[in-house]
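Order of the sequence lines sets the chain letters (A, B, ...), proteins ahead of strands, with each chain counted from 1. Quick caveat, the model's predicted, so the values are computed rather than measured.
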Amino acid sequence: MKFAFFPGCVSRGGCPELYPAAKKVCAQLGIELDELQDRGATCTGAGVLQEKNQFLGDVLNARTFAIAEGLGLPIMVICSTCQGVMSQANKRLKTDPDYLAKVNEQLREEGLEYKGTASPRHLLWVMVEDIGIDNLKTYVRRPLTGLRLAPFYGCYIVRPSDDLEFKLYPNREDSLERVMEALGAEPVDFPGKTRCCGFPLLTINEKNSVQMVANHTMSAKQLGADALVTPCPLCHLNLDGYQPSAMKQTQQDINIPIIHLPQLVGLAMGFDPKELGLSRHIISTKKVLSKIQVAA
Amino acid sequence: MQVIVSVNRFNPQDNKGKYWEDYNLEIEENSTVLDALIKIREEIDGSLAMRCSCRSAICGSCAMRVNGHARLACNTKLADMTDDAGMIKVEPMTNFPVIKDLVIDQQTFWDKVKQVSPWLQSEGPDPKGEYVASNESMNHLAGVMACIMCGACVSDCSALEVDKNFIGPAALAKAYRFVADPRDSKSVQRLGVLNEYSGIWDCTRCYECVEVCPKGIAPMDRIMALREEAIRVGYDNTMGARHADAFSDIVEDSGWLDELRLPIKTVGIFNLPALLNFAPVGLRALVKGKMPAIFHHNVPNVQNVRKLFKRIRNDQNKDD
Ligand code: FES
């Protein structure tokens with residue numbers, strides 16, 4: 001199994017623990033990776049660049065898709081935001097031939113053309129759709145028995161569900177819970193599961209953004225979760241990095257660890273927590289590790 | 001078919017507060033959620049309060065939360081929503097005060113819509129006949145004008161959940177309808193108002209409104225179009241606009257995001273108070289070895305990316 005791998009910016013920037021964890025897990029699962037950013041692919045625009053210029057954003061994503069087509073490989077991402085932004089751009093490009101032609105005009109000088117065959121997918125979906133839940137269980141060396149985990153999807157991997165082809169792939173809806181169960185953990189259903197972490201609002205209205213962090217982390221904690229698990233590094237940045245601010249703003253003790261999906265899978269595969277970057281979080285992951293009897 | 005409709009009830013005249021009440025009923029297979037509620041009211045419990053009128057997804061009065069998301073009860077098939085036990089959960093919309101049971105108070109909702117001056121403001125003398133507008137622009141507007149003001153987008157809005165002052169997706173979609181109308185001559189002034197606190201920049205881009213809108217209005221996409229338009233006409237000094245600018249410049253320069261430069265570029269290198277605000281978070285990250293690389297590498301062939309940015313910008317400037 002081989003993918004054109006798009007790690008995104010944050011997995012090597014603000015959440016540098018995510019990239020190595022994802023690579024370890026992929027190697028263990030027998031997933032070969034050809035890195036798109038080594039081949040000149042750019043940032044997706046993260047929805048931010050699109051606020052200023054959506055056409056430019058679509059051109060950048062079409063360019064990435066064309067590079068992957070050239071490699072003859074399907075695209076894999078490890079970030080809900082990359083997933084969403086790419087899927088939205090792809091929908092506009094695939095459903096309007098005139099628009100696609102206009103975008104391709106911009107790529108011509110570089111000798112690129114997007115033919116409309118890309119279908120970027122998150123590692124989460126690859127695990128459910130390609131590896132398979134039953135097969136995933138066979139990789140578990142350290143079952144996460146007794147861990148109660150709150151799934152935090154992030155917006156862009158669940159909405160708009162049309163762009164993400166949920167009708168074609170209904171399993172995507174509870175993919176995170178199913179992976180947790182395969183690893184031996186118990187998912188905790190909580191109201192924040194598919195709500196917004198507040199990250200896109202952080203630079204614009206920090207108070208509102210931090211309030212979202214407080215609401216979701218607190219409700220997961222109150223429902224007895226040991227940690228939140230997310231497939232999105234931007235959610236991680238906010239829920240982990242700004243949890244101290246959330247505690248201060250709301251005057252309550254929260255302190256609930258936020259774990260990247262690949263870290264969780266890696267933990268169940270038996271990797272050392274340090275290799276997975278679990279010591280590099282703002283909110284300590286020690287409590288979670290000691291619950292499954294692993295030294296931090 | 002046998003179903004259990006679990007309704008979140010509230011009556012300000014008793015002191016029970018909010019509570020769930022389950023109704024068991026036998027109903028035809030192809031019924032809607034509204035059919036079930038009407039049957040409950042007529043045959044089981046006349047005290048159940050709700051709003052409805054057209055029963056055809058036109059009037060917008062039957063919006064409520066079904067299994068945790070806002071929908072029109074009259075165009076939601078009961079059988080699509082029941083779980084294995086044949087149960088559905090029905091609640092009043094959130095982000096609205098509840099008057100009784102499923103009936104919510106729309107006063108603030110309408111006040112916010114009024115705030116965007118939802119009427120055409122043209123300049124000069126009225127034309128002799130009708131206003132002339134291109135087919136293309138009117139077709140585009142038809143997409144927003146299909147809004148039935150049901151409030152589903154407001155109910156599920158993440159930003160409103162934490163800040164009641166946010167003007168909200170319905171009012172902003174309505175604002176877009178006039179900003180994008182070629183017959184309106186107040187677009188720039190309108191954008192100036194929307195650019196203020198609690199306006200277009202307070203949306204958290206969560207897509208909840210796009211997901212729940214029963215009419216495909218995609219309010220968040222309209223908000224993004226308003227942001228793009230506001231920047232284009234020169235409102236480029238908000239935190240949001242500067243953030244988008246800084247982000248775009250960094251990607252243009254190196255191909256991907258440099259997270260050290262982004263906050264500095266957004267608030268400005270001379271804005272010491274704002275920079276100091278980032279300091280505690282930065283320090284925590286530093287201690288945990290989470291800091292982004294100090295030396296940011298460019299993607300290979302970054303000159304192609306820079307050329308693209310430049311060309312697209314030039315083309316668009318020419319069109320303006
Ligand atoms: S009753 Fe009119 S929209 Fe449902």
Side-chain angles (χ1 to χ4, degrees), chain A residues 8-10 12-17 37-43 45-56 59-60 63 84 106-107 109-110 155-156 158-162 191 194-196 198-201 203-209 211-212 215 241-242 244-245 277 279-282, chain B residues 68 158-159 161-163 166 197 201-208 210-211 218 224-225 227-228 231 238-245 247-248 250-251 255-260 262-263 266-267 277 280-281 284-285 288-293 299-302 304-305 307-309 311-313 316:
Chain A
C9 305
V10 183
R12 296 173 304 166
C15 289
E17 65 280 359
Q37 271 156 324
D38 290 348
R39 296 181 179 274
T42 66
C43 169
V48 179
L49 181 139
Q50 282 80 352
E51 292 172 330
K52 211 184 141 188
N53 197 330
Q54 188 181 75
F55 178 70
L56 175 59
V59 170
L60 293 180
R63 184 173 169 275
Q106 298 292 338
L107 301 181
E109 190 185 316
E110 218 182 323
C155 302
Y156 290 25
V158 288
R159 286 182 298 272
S161 55
D162 264 359
T194 59
R195 298 295 280 174
C196 178
F199 185 78
L201 212 47
T203 34
I204 299 160
N205 190 330
E206 186 174 320
K207 184 168 166 264
N208 288 358
S209 171
Q211 191 60 46
M212 291 182 196
N215 291 355
Y242 280 81
S245 313
S279 51
R280 297 172 86 178
H281 292 196
I282 302 300
Chain B
S158 311
E161 192 177 52
V162 295
D163 184 357
F166 177 45
Y197 182 68
W201 294 102
D202 275 78
C203 158
T204 186
R205 288 199 273 121
C206 68
Y207 282 104
E208 293 276 8
V210 177
E211 189 70 20
M224 293 309 112
R227 287 183 182 180
E228 196 172 335
I231 296 177
T238 55
M239 197 62 121
R242 285 203 306 271
H243 183 242
D245 248 340
F247 195 107
S248 173
I250 291 169
V251 176
W256 57 295
L257 191 57
D258 178 346
E259 286 165 299
L260 273 185
L262 183 61
T266 302
V267 301
N277 192 32
V281 180
R284 282 198 295 267
K288 297 287 184 164
K290 264 180 83 85
M291 258 339 227
V299 298
N301 300 324
V302 71
N304 291 339
V305 178
K307 253 195 245 170
L308 258 183
F309 270 77
R311 192 171 57 231
I312 292 174
R313 213 171 25 231
Q316 289 173 338

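- A distance of 10.5 Å separates CG of N304(B) from CG of L107(A), quoted to the nearest 0.5 Å.
- Among A159(B), P300(B), A218(B), G240(B), the residue with the largest count of heavy-atom pairs under 4.5 Å with chain A is P300(B).
- Atom CG of L60(A) and atom OG of S248(B) lie 8.5 Å apart (nearest 0.5 Å).
- Inter-residue side-chain proximity for E51(A) and F247(B) is flagged as unmet; no heavy-atom pair is nearer than 4.5 Å.
- Residue S209(A): no heavy atom, backbone or side chain, is found under 4.5 Å from chain B.
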Between V305(B) and R63(A), is a side-chain contact (heavy atoms from CB on, under 4.5 Å) present by the stated rule, with each step listed? CA-CA 10 Å; V305(B) 178; R63(A) 184 173 169 275; 3.8 Å; yes

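- The line from OG1 of T203(A) to CZ of R242(B) is 10.0 Å long, rounded to the nearest 0.5 Å.
- Taking the side chain as every heavy atom from C-beta outward, E161(B) and Q211(A) never approach each other to under 4.5 Å.
- In this structure, chain B has a heavy atom under 4.5 Å from the side chain of E110(A), while its backbone stays farther away.
- Per-residue heavy-atom pair counts under 4.5 Å with chain B were compared for G84(A), P160(A), C155(A), G47(A), and the maximum is reached by P160(A).
- Contact of Q50(A) with chain B is made through the backbone alone, with heavy-atom distances under 4.5 Å.
- Chain A forms the most heavy-atom pairs under 4.5 Å with one residue out of D202(B), D245(B), T204(B), and that residue is T204(B).
- Within the 4.5 angstrom heavy-atom criterion, only side-chain atoms of N205(A), from C-beta onward, approach chain B.
- Between chain B and the residues P200(A), G277(A), G198(A), the largest count of heavy-atom pairs under 4.5 Å involves P200(A).
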Start with the C-alpha gap between N53(A) and Q316(B), add the side-chain angles, then the distance that decides, and say whether side-chain contact (heavy atoms from CB on, under 4.5 Å) holds. CA-CA 10 Å; N53(A) 197 330; Q316(B) 289 173 338; 2.7 Å; yes

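- One N or O on the side chain of E211(B) and one on the backbone of S161(A) form a donor-acceptor pair closer than 3.5 Å.
- In this structure, chain B has a heavy atom under 4.5 Å from the backbone of A41(A), while its side chain stays farther away.
- Proximity to chain A (any heavy atom under 4.5 Å) is shown, for F309(B), by both the backbone and the side chain.
- Interface check for chain B: of the options K207(A), Q54(A), M212(A), the most heavy-atom pairs under 4.5 Å are formed by M212(A).
- Formation of a donor-acceptor pair under 3.5 Å by the R159(A) side chain with backbone atoms of C206(B) is found in this model.
- Only the side chain of N215(A) comes within less than 4.5 Å of a heavy atom in chain B; its backbone stays farther off.
- Ranked by non-hydrogen atom pairs under 4.5 Å with chain A, the options R205(B), M224(B), K307(B), R227(B) are led by R205(B).
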Steps toward salt bridge (Lys or Arg N to Asp or Glu O under 4.0 Å) verdict (E109(A), R311(B)): CA-CA 11 Å; E109(A) 190 185 316; R311(B) 192 171 57 231; 2.7 Å; yes

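- Here the SG-CG distance, from C203(B) to L201(A), works out to 8.0 Å after rounding to the nearest 0.5 Å.
- Residues H243(B) and V48(A) share a closest heavy-atom pair of ND1-CG1, 3.7 Å.
- A 4.5 Å side-chain heavy-atom check between T42(A) and W256(B) finds every atom pair outside the cut-off.
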